Structures are given as structure tokens and as C-alpha cells.
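Right, one structure below, let's go through it.
It should be emphasised that the depicted structure is a prediction, and the values quoted were computed from it without experimental measurement. As a basis for the values below, the full set of heavy atoms in this structure was taken, side chains included, without hydrogen atoms, waters or symmetry mates.
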Amino acid sequence: MKILRIVVGICLILAVAWAVLLRARRGTESMAALRKFRYAHRGLYDKEAGIPENSLPAFSRAIARGFGAELDVHLLRDETLAVFHDSDVKRMTGREGYLEDLSADELKDYALDGTKETIPQFKDVLALFAGTGLPVIVEVKSFRDNFAELTERTMAELDKFGVKYCVESFDPRCVAWLKKHRPEVIRGQLSCDFLKDRGNLSLPMAFATTNLLGNIMAQPDFVAYKFEDKKNWAPRLCRKLYGAQGVYWTIRSKEDLETAEREGAIVIFERFIP
């Protein structure tokens with residue numbers, strides 16, 4: 001019981017600190033532009049049609065239907081950037097190894113999900129969206145403590161293209177890097193209930209990430225939380241008390257989409273077309 005009281009006390013102190021520190025920019029012109037769109041998760045992919053996730057055809061398909069897109073960015077060995085979900089390439093390519101150990105030239109040898117499509121470079125995806133007016137939600141995927149270099153390189157690439165965007169990450173260090181070095185960029189913290197499935201996380205880390213305690217240093221403009229975990233207190237507190245924009249991932253039915261949008265959330269969807 002004593003430990004529980006200590007934990008509750010710490011949480012209350014952190015909640016007060018949030019109230020003092022967090023300055024969400026929900027009302028900015030950039031945020032308003034992002035709220036106008038729905039976002040296809042990893043592009044508008046369709047496995048049955050041979051259009052793999054995070055592929056150039058998946059992003060082209062989203063553009064053709066007027067959707068924005070959510071995508072995942074990794075830093076390669078040669079300091080270029082690739083769009084792919086996992087660091088481990090096994091699930092989508094059938095090959096062993098880690099994406100961060102590859103170079104841009106090697107990407108063409110990694111076919112996606114048994115198709116002729118290969119892992120795209122970030123610059124090639126941005127070129128598709130340039131001039132369309134359609135935005136992208138860019139998730140930066142840190143690996144082996146490369147959060148600073150990854151985020152810096154991602155911003156350098158985004159600066160080359162006339163694309164509307166925001167940047168998010170599960171790693172609060174990436175979000176904090178944006179706050180410090182690129183405060184004008186709309187930034188978001190990704191999370192879910194890690195206490196349900198901790199994976200490799202320690203219990204304290206799972207507790208901290210589930211309850212968005214990294215927001216104290218990162219001060220995100222939006223919180224992207226797993227839709228199934230939306231009743232957790234932390235994302236609701238961020239939205240209602242601090243004015244942070246809500247984003248839900250990943251919506252997989254029209255009913256859930258309607259629920260999310262009634263709550264004022266930005267929607268990242270997959271496996272159906274709204």
C-alpha cells in the first residue's frame with residue numbers, strides 16, 4: 001500500500017508538471033491543415049492485390065484517392081533513409097538482418113512480401129507527395145540509440161520537398177529533439193498500453209511509456225494512441241486538459257472511424273477504404 005501511495009503521488013506531481021510545461025499547438029494553421037485529412041496506414045496497401053505496405057504503389061494509391069499517409073522512416077548504414085516498418089526485415093522480405101545495416105543501393109535486392117516492389121527510399125516517397133497538397137505523418141523509428149542522427153536526417157530530407165507533414169515517434173527522445181532543434185515542426189508522441197504486452201521493456205519503462213511521462217521533456221502537439229487503448233487516462237488527460245490533438249491508430253472499421261472522428265481525433269486507418 002505504501003508503494004502504491006508513492007506511485008500515485010509521483011503521478012500527481014508529474015500531472016501538475018505537465019500542466020505547467022505542455023503547450024500544445026492545436027489551433028495553429030499547420031495543425032488545422034493536418035486535421036482535414038484521413039491517413040492511410042503505411043500507404044493504402046492491399047496484400048491481396050499485390051500492393052505491399054510502405055511501398056511506392058501503396059502511397060500512389062493513397063494519393064489517387066485523396067488520402068494522406070502514415071509512413072515509417074529508418075536510418076541506413078550509409079546515412080540515407082528508407083521507408084519500412086520493422087528494423088528486422090524478415091517479416092516483409094523473408095530475409096535475415098536489420099534494415100539499419102543496409103545501404104540505399106542494397107534496398108533494390110529486398111523484395112516486399114513476394115512482389116516485385118522493393119523497399120523505397122524516403123526521398124522517393126516524398127517525391128510522390130510533393131505538389132499534391134496531401135500530408136504525411138512521418139514516424140521516425142529509432143534503433144541502437146540513433147535517435148538524434150535519425151531525426152536530424154529526416155528533417156533535412158523533409159526540408160527538400162514541398163510536402164505538408166508532421167513527425168511522430170514512440171521514442172520521446174526523438175520528439176524532444178524536435179522540440180529543441182526544430183520547434184516549429186508539429187510533433188507527436190506515439191504510445192499504447194505497453195503494460196498489456198511489455199515485450200523487451202522493463203516494468204518501469206512500460207509504465208512510463210504507457211502513461212506518456214516522456215511528455216514532460218518532449219511536450220508534443222499531438223498524442224497518437226492505439227485506438228483499442230483509448231480509455232487509458234493519459235491520452236484523455238492530454239487532450240482534455242492540455243489541448244493536445246488526439247490521433248488514433250490503427251482504425252480498421254467504419255464504425256471505429258466514426259467513433260474516433262466524433263471525439264475529434266485524426267484517424268490513421270487500414271484494411272478498408274473510408
Side-chain angles (χ1 to χ4, degrees), residues 22-26 28-43 54 59 62 67-76 79-85 87 100 120-130 132-143 145-192 209 212 214-215 217-225 235 238 244-250 265-268:
L22 191 60
R23 296 293 184 270
R25 293 174 289 186
R26 187 183 177 100
T28 66
E29 182 178 347
S30 295
M31 184 64 81
L34 294 171
R35 285 200 299 268
K36 294 178 181 178
F37 297 90
R38 294 165 173 167
Y39 296 83
H41 189 228
R42 308 177 195 172
N54 276 324
F59 295 119
F67 295 123
E70 181 269 354
L71 54 87
D72 310 282
V73 176
H74 295 253
L75 183 67
L76 302 184
E79 299 185 349
T80 59
L81 300 165
V83 175
F84 194 76
H85 185 263
S87 284
E100 283 78 5
Q121 293 188 61
F122 186 37
K123 65 179 182 180
D124 294 331
V125 176
L126 290 178
L128 292 178
F129 282 89
T132 67
L134 297 170
V136 290
I137 297 176
V138 178
E139 179 184 346
V140 286
K141 309 277 282 194
S142 62
F143 187 68
D145 257 0
N146 69 355
F147 67 93
E149 186 179 7
L150 165 67
T151 313
E152 183 176 16
R153 288 290 303 118
T154 299
M155 292 312 308
E157 204 66 56
L158 283 163
D159 287 342
K160 299 174 185 177
F161 295 85
V163 175
K164 296 178 182 177
Y165 67 88
C166 61
V167 181
E168 64 180 10
S169 183
F170 278 102
D171 189 339
R173 297 173 300 176
C174 295
V175 188
W177 187 97
L178 289 168
K179 174 183 176 293
K180 179 178 180 180
H181 299 282
R182 296 295 297 268
E184 79 282 3
V185 171
I186 299 296
R187 59 187 182 269
Q189 182 63 54
L190 269 162
S191 195
C192 62
T209 52
L212 301 170
N215 285 10
M217 68 173 180
Q219 298 182 30
D221 301 301
F222 66 92
V223 170
Y225 217 81
C238 286
Q245 172 65 49
V247 178
Y248 282 139
W249 59 273
T250 303
I266 292 172
V267 168
I268 300 172

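- In terms of modelled atom types and a separation under 3.5 Å, the side chain of E168 and the main chain of V140 share no donor-acceptor contact.
- Closest of all the heavy-atom pairs between M217 and A176 is O-CB, 4.0 Å.
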Identify all side-chain donor-acceptor contacts of residues 155-163 below 3.5 Å with residues at least two apart in sequence or on another chain.
from	atom 1	to	atom 2	distance (Å)
D159	OD1	R182	NH2	3.0
D159	OD2	R182	NH1	2.9

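- Proximity of a side-chain donor or acceptor of S191 to a complementary backbone N or O of T209 within less than 3.5 Å is detected.
- Counting only heavy atoms from C-beta outward, the side chains of P220 and N215 approach each other to under 4.5 Å.
- T132 approaches L128 most closely through the heavy-atom pair CG2-O, 3.4 Å.
- In this structure, the side chain of E139 does not engage the main chain of V73 through any donor-acceptor pair within 3.5 Å.
- Within the 4.5 Å cutoff, side-chain heavy atoms of V138 are placed close to those of F122.
- When atom types are taken as modelled, the side chain of T151 and the backbone of F147 share a donor-acceptor pair closer than 3.5 angstrom.
- Summarising the geometry of Y248 relative to A265, their closest heavy-atom pair is CD1-CB, 3.6 Å, with the distance given to 0.1 Å.
- Rounding to the nearest 0.5 angstrom, the gap separating the CD atom in Q189 from the SG atom in C174 is 9.0 Å.
- By the 4.5 Å heavy-atom criterion applied to side chains, D221 and Q245 are not counted as neighbours.
- In terms of heavy-atom proximity, F129 sits nearest to P135 at CE2-O, 4.2 Å.
- Contact check for L126 versus Y165: no side-chain heavy atoms found under the 4.5 Å cut-off.
- Between H74 and L150 the shortest heavy-atom distance is C-CD1, 4.0 Å.
- Of the possible polar contacts, one joining the R153 side chain to the E79 backbone as a donor-acceptor pair under 3.5 Å is found.
- Contact annotation: the side chain of V167 never approaches that of R187 to less than 4.5 Å [non-hydrogen atoms, C-beta and beyond].
- Heavy atoms only, all atoms of each residue included: I266 and F37 are closest at CG2-O, 4.4 Å.
- Side chain of H85 to main chain of N54: no donor-acceptor pair is present (N/O by atom type, distance under 3.5 Å, no hydrogens or angles).
- Between F59 and L71, some side-chain heavy-atom pair lies under the 4.5 Å cut-off.
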